[in-house]
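One structure below.
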Protein chains: 2
Amino acid sequence: MTRLRILDAAEVLFVEQGFSAVKLSVLARSADVTKSLIHHHFGSKERLWEAVKNRAFERYFTAQMAMLEEAGEPSAGLLRKSVEAYFHFMRDNPGVVRLFAWTHLEGDNQCSELDNQLVGAGAEWVRQTQMRGLLRQDINPTHVIAVFVMTCTQWFEAKCHHQHWPGMGSDEAFLEDFLKVFMEGVLPRD
Amino acid sequence: MTRLRILDAAEVLFVEQGFSAVKLSVLARSADVTKSLIHHHFGSKERLWEAVKNRAFERYFTAQMAMLEEAGEPSAGLLRKSVEAYFHFMRDNPGVVRLFAWTHLEGDNQCSELDNQLVGAGAEWVRQTQMRGLLRQDINPTHVIAVFVMTCTQWFEAKCHHQHWPGMGSDEAFLEDFLKVFMEGVLPRD
DNA sequence: AAGCGTATTGACCGGCCGGCCAGTTAGCAT
DNA sequence: ATGCTAACTGGCCGGCCGGTCAATACGCTT
């Protein structure tokens, strides 16, 4: 379908360059349609941009929700698994990461309802795990989520920046070290 | 001086909107100069953009270097202080944070020489602290730096995004919780 | 006062941007 | 076949984009 071809090509360009740097003429050529056709299907550049973001964020949201729902009994091991899953999702969906970054810089928070749901569910899960004494209880559950989400996000958002830092390891090496610190930090002291 | 007035106004706009969304005509009005004058002083929009970035990154670099140099005897307490200082620097210089973010998205790494120096020095400091048995030794020192830098950075870069997350606390509350996790995670087990 | 370099101006340019529109084609129900 | 709607096209537009240029004002040396 044409609409889809436009959406796909737009996503590639928007992910790469952000909103204002993308030229409709280039996009048209890249999607192999006429410029008019883009307007026919989406009305304006802004609305196309929103359509692209919505689709990507929905993908993100459903993937995360599925992950959360298939989570079983609260346990520290499960938290570790969740962090790993989140990290690998980010690694495998670099487009979403960049789209998030552009969106943050725009100050756009249209995806916040979905995200609040996600974070709320995650934090609630952490709280339950805390109550069972499996995680230390003197930390705001939302902050637990925030710490690992932000670390994973920034790792991939700013990869071009810190991948050349002296001594920096691979994705997996970093994840492992982060998990060492993070898990040791959230486990209860005995 | 006019050149400075242009640079200042440009920084405000670039920080806000990124490179391509900024219109030279708007910038000229905002700096109260003519468009031609901008070209006279900087040659092109691109070169102005680079001048703005260079100035900001130099500010960042010298501030961080000063912080690092006045650091005393390696100790876990000092690491905590460093994280706090970094966090507060980011809080007090939101422009730098956003400039970093735009730069990351552009894939630009012109600031990498300075940054490598900074990270290298920080990592070396961590390594020495590890060798004295004051930090656990099974973690890549660069990763230690990376974890707290990325968390602080992302906290402020994406603030508009997660500040409305349910249960999210203030800057200081988050920092405190992060430090609880981070410090507990990097200290050696007894 | 003359000379010179720098700062500053306003008018102007070619190009291309996002968007529009009149018209054509294709699919599909009746 | 007829009619209707949605998909699609090419051409065009007004506007503004970044950038240029010739001319002028200013400040400093000699």
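In what follows, chains carry the letters A, B, and so on, assigned in the order in which the sequence lines appear, proteins first and then strands, with residues in each chain numbered from 1.
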Self-check item: A/Arg189 and B/Glu184 ion-paired at < 4.0 Å
Solution: yes

Quiz item: Can you tell me if the side-chain N/O atoms of B/Ser36 get under 4.0 Å from OP1 or OP2 in C/dG10?
Solution: no

Quiz item: In whole angstroms, how far is the P atom of D/dG18 from the CG atom of B/Leu48?
Solution: 11 Å

Practice problem: Determine, using the 4.5 Å side-chain heavy-atom cutoff (strictly less than), whether B/Met65 and B/Phe57 are members of one ILVMFWY cluster. | Solution: yes

Practice problem: Using a 4.0 Å heavy-atom cut-off across all strands, classify A/Leu37 as base, sugar-phosphate, or nothing. | Solution: base

Self-check item: Length of the CE-C1' vector between A/Met1 and C/dG27, whole Å
Solution: 13 Å

Exercise. State, to the nearest 10°, the angle formed by the axis through the first five base pairs of the helix from C/dA1-D/dT30 to C/dT30-D/dA1 and the axis through its last five.
Key: 0°

Quiz item: Are any of A/His39's side-chain N or O atoms less than 4.0 Å away from OP1 or OP2 of C/dG19?
Solution: yes

Quiz item: Would you say the side-chain atoms of A/Lys180 pair up with the backbone N or O of B/Asp138, donor to acceptor, closer than 3.5 Å?
Solution: yes

Quiz prompt | Interatomic distance, A/Phe42 CZ vs C/dG18 C1' [rounded to whole Å] | solution = 16 Å

Quiz item: Rounded to the nearest 0.5 Å, how far does CE of A/Met67 lie from OG of A/Ser82?
Solution: 8.5 Å

Quiz prompt | Separation of D/dG15 P from A/Leu24 CG (nearest whole Å) | solution = 20 Å

Quiz item: Is there a donor and acceptor pair closer than 3.5 Å between the side chain of B/Lys35 and the base of D/dG19?
Solution: yes

Quiz item: Does the pair B/Arg91/B/Glu84 count as a salt bridge with the N-to-O cut at 4.0 Å?
Solution: no

Self-check item: Between C1' of D/dC17 and CG of B/Leu13, the distance in whole Å
Solution: 16 Å

Exercise. Using a strict cut-off of less than 4.0 Å between a Lys/Arg side-chain nitrogen and an Asp/Glu carboxylate oxygen, indicate whether B/Glu50 and B/Lys45 qualify as a salt bridge.
Key: no

Quiz item: Could you state the NZ-P distance from A/Lys45 to C/dC20, rounded to the nearest angstrom?
Solution: 15 Å

Quiz item: What distance do B/Cys152 atom SG and B/Glu157 atom CD have between them, rounded to the nearest 0.5 Å?
Solution: 11.5 Å

Quiz item: Ignoring hydrogens and angles, are the base of D/dG18 and the side chain of B/Lys23 linked by a donor-acceptor pair under 3.5 Å?
Solution: no

Practice problem: Return the value, rounded to whole Å, for the distance between atom CD of A/Glu46 and atom P of C/dC17. | Solution: 16 Å

Quiz item: Hey, does A/Val26 reach any base, or is it just sugar-phosphate, or nothing, if we go heavy atoms under 4.0 Å?
Solution: nothing

Quiz prompt | Interatomic distance where CH2 belongs to A/Trp49 and P belongs to C/dG18 [whole Å] | solution = 14 Å

Practice problem: May I ask you to verify if any side-chain N or O of B/His40 is less than 4.0 angstrom from the OP1 or OP2 atom of C/dT8? | Solution: no

Self-check item: Distance below 4.0 Å between B/His41 side-chain N/O and C/dT6 OP1 or OP2
Solution: no

Self-check item: C/dT8 OP1/OP2 closer than 4.0 Å to side-chain N/O of B/Thr34
Solution: no

